[in-house]
Amino acid sequence: MVPVIPAPGEKRHHQVLIIGGGNAGVSLAGRLKRYRLKDIAVIEPRSRHLYQPLFSHIAGGTADAFEAVRLQSAVMPRGITWIQDKATDVSTESSTVLLESGSAVTYDHLVVCPGIQNDWTAIPGLKEAMEGPYGGSNYEYELAPKAWKLFRDLTSGTVVFTQPPGPASCDGAAQKPMYLACDHWRRQGVLKDIRVVLAVSTPTIFGMEIIDEELNRKIDEYGIEVHYSTRLESVDPEARTVVLRRSTDDTTETIGYDVLHAVPPQSAPEWLKSTDLPAPGNRGGFVEVDPVILRHTRFPTIWSLGDAASTLNSKSGAALRMQTKVLAKNLKAVLKGKKPTSKYNHYSACPFVVSRKTVVFSEFDDKYSPMPTVPGWKNLARERRSTFIVERVVLPKVYWNLILKGRA
């Protein structure tokens, strides 16, 4: 697909305008196209499309970086207009999206799904640590292979993993490279010489009893030192130390590291925060929506889904897949003059990769109560080889060939 590159001052109009060409924007556009909507445009500045769930496997050495990337032109559904530009503002009064090029696009209905941003500068020293030789992360495409090289070459020392307070995109993914690295070190016979430290902001490892049991068993098996109710306070990349703060008693601890694998705090993109789309006082800047029908509570021609929406669920690709179906049905109904009746049930899921061949599969609602969609889910919630094959081999193929086309 050849993108439209707007000229400064140019004005366009589309019936349905989507901000964001990631999983949310592309899969929604594909589904709306299947519903026979004819005038759909997607605003997306990037020329490549990334499949983020594979980042954990790249950081853990069970996938190559090239497997997680495609050209944006190759994943855009046929019949969709791709506007290769960046949204910088939304005027709800004039139903207009302003673009970085100086052009503008008006709309009948707007779907806001630009994703989430990694706030590396929110923690002192973290950005510099990631840019230095001893930092890596599965939350950036460029940092994931770097993380694996650090893990692969390590034979002794201290590795610190961090998981930030929410909201975050699939926050459980912070743990996946840790389990993959520990399994690698065990296979190499060096795990006993490596201190593995994990800081999580929650009082338990996940929040569901059956999943906590499985993850705690793996934590004991690998000898991981978990600091609960603890967040990363600051990093000194030159001294190679981190300061961890425990929320239960507000005390701090300084730990030296040989490798730091960090996940940053996250929020909505900066430009979105300055619009009137977030709820007043929403510090994260996420779009205010009815969490059931995914329509803006104040602006009826605006919708949102995915990581940028202020829904109740844990942010994940599995949640997004459910949201896409709901939003597409509701938008189609409204365009036909009907009421939106499709409802999102706050479902989310997280496949915890706990070794180089097994997965613990969690499905849950906004209160972290089990919400199984697969018969016999309790067996899948236990460590299984079969779920690893699905997560590592099957799902990427489903993503590229079905989900992005609005068919799954």
Side-chain angles (χ1 to χ4, degrees), residues 14-35 37 40-44 49 51-53 75-77 80 87 90 92 97 107-117 166-170 266-269 272-273 275 277-279 282 284-335 340-349 365-366 371 399 402-408:
H14 293 279
Q15 183 184 37
V16 176
L17 182 62
I18 301 172
I19 299 178
N23 184 352
V26 174
S27 59
L28 177 65
R31 189 166 290 273
L32 291 174
K33 189 65 180 176
R34 290 184 60 232
Y35 288 168
L37 274 70
I40 306 166
V42 175
I43 300 171
E44 173 54 57
H49 185 100
Y51 179 52
Q52 190 167 336
V75 302
M76 281 290 186
I80 303 297
V90 174
T92 54
V97 176
Y107 57 85
D108 293 335
H109 282 267
L110 175 67
V111 183
V112 184
C113 49
I116 203 166
Q117 71 176 8
S169 180
C170 196
Q266 293 159 54
S267 64
L272 182 55
K273 296 178 184 179
T275 69
L277 298 183
N282 185 319
F286 300 104
V287 180
E288 181 183 8
V289 292
D290 180 316
V292 174
I293 65 171
L294 305 177
R295 193 182 199 178
H296 204 287
T297 56
R298 291 176 284 123
F299 308 112
T301 61
I302 296 179
W303 310 74
S304 186
L305 76 165
D307 290 351
S310 58
T311 48
L312 305 178
N313 60 283
S314 176
K315 299 179 186 297
S316 72
L320 173 58
R321 181 168 163 266
M322 295 287 192
Q323 292 172 8
T324 301
K325 296 177 181 179
V326 170
L327 197 156
K329 290 178 181 178
N330 285 336
L331 180 52
K332 177 186 177 183
V334 169
L335 289 171
T341 57
S342 187
K343 297 180 179 180
Y344 171 54
N345 60 5
H346 318 305
Y347 170 88
S348 191
D365 63 13
D366 56 309
M371 184 177 275
Y399 180 78
L402 295 175
I403 291 176
L404 291 182
K405 299 180 187 300
R407 296 183 177 276

May I have the step-by-step check of side chain to side chain contact (heavy atoms under 4.5 Å, CB included) for Trp303 and Val334, ending in yes or no? CA-CA 12 Å; Trp303 310 74; Val334 169; 3.9 Å; yes
Closest non-hydrogen atom pair between [X] and [Y], with its separation:
{"X": "Gly115", "Y": "Ala308", "value": "O-CB, 3.5 Å"}
{"X": "Ser169", "Y": "Gln52", "value": "OG-NE2, 4.3 Å"}
{"X": "Ile43", "Y": "Ala87", "value": "CG2-N, 4.0 Å"}
{"X": "Gly285", "Y": "Ala268", "value": "O-CB, 3.2 Å"}
{"X": "Val111", "Y": "Leu28", "value": "CG1-CD2, 3.5 Å"}
{"X": "Phe286", "Y": "Pro167", "value": "CE1-CG, 3.4 Å"}

Are [X] and [Y] close enough that some pair of their side-chain heavy atoms sits under 4.5 Å apart?
{"X": "Pro77", "Y": "Leu404", "result": "no"}
{"X": "Ile40", "Y": "His14", "result": "no"}
{"X": "Thr92", "Y": "Arg298", "result": "no"}
{"X": "Leu272", "Y": "Thr275", "result": "yes"}
{"X": "Tyr399", "Y": "Val75", "result": "no"}
{"X": "Leu320", "Y": "Gln323", "result": "yes"}
{"X": "Asn282", "Y": "Glu288", "result": "no"}

Calculate, to the nearest 0.5 Å, the distance between atoms [atom1] and [atom2] belonging to [X] and [Y] respectively.
{"X": "Ile403", "Y": "Thr324", "atom1": "CD1", "atom2": "OG1", "result": "8.5 Å"}
{"X": "Leu110", "Y": "Thr301", "atom1": "CG", "atom2": "OG1", "result": "7.5 Å"}
{"X": "Ile18", "Y": "Glu44", "atom1": "CD1", "atom2": "CD", "result": "11.5 Å"}
{"X": "Ile293", "Y": "Leu331", "atom1": "CD1", "atom2": "CG", "result": "11.5 Å"}
{"X": "Asn345", "Y": "Asp365", "atom1": "CG", "atom2": "CG", "result": "8.5 Å"}
{"X": "Leu32", "Y": "His109", "atom1": "CG", "atom2": "NE2", "result": "11.0 Å"}

Quick one about Asp307 and Gln266 (side-chain donor to acceptor, distance below 3.5 Å, no hydrogens or angles considered), yes or no? no
Is the number of heavy atoms from other residues, nucleotides or ligands within 6.0 Å of CZ (Arg407) greater than 12? no
State whether the number of non-hydrogen atoms from other residues, nucleotides or ligands found under 6.0 Å of Lys329 atom NZ is greater than 12. no
Name the orientation class of the two ring planes belonging to Phe299 and His296 (parallel below 30°, tilted from 30 to 60°, perpendicular beyond 60°). tilted
Tell me if the aromatic rings of Tyr344 and His346 count as close, with their centers under 6.0 Å from one another. yes
Determine, stepwise, if the pair Val112 / Leu277 fulfils side chain to side chain contact (heavy atoms under 4.5 Å, CB included). CA-CA 9 Å; Val112 184; Leu277 298 183; 3.9 Å; yes
Given side chain to side chain contact (heavy atoms under 4.5 Å, CB included), test Ile116 with Lys315 step by step and report yes or no. CA-CA 10 Å; Ile116 203 166; Lys315 299 179 186 297; 4.2 Å; yes
Examine distances only and state if a side-chain atom of Ser304 and a backbone atom of Cys113 form a donor-acceptor pair shorter than 3.5 Å. no
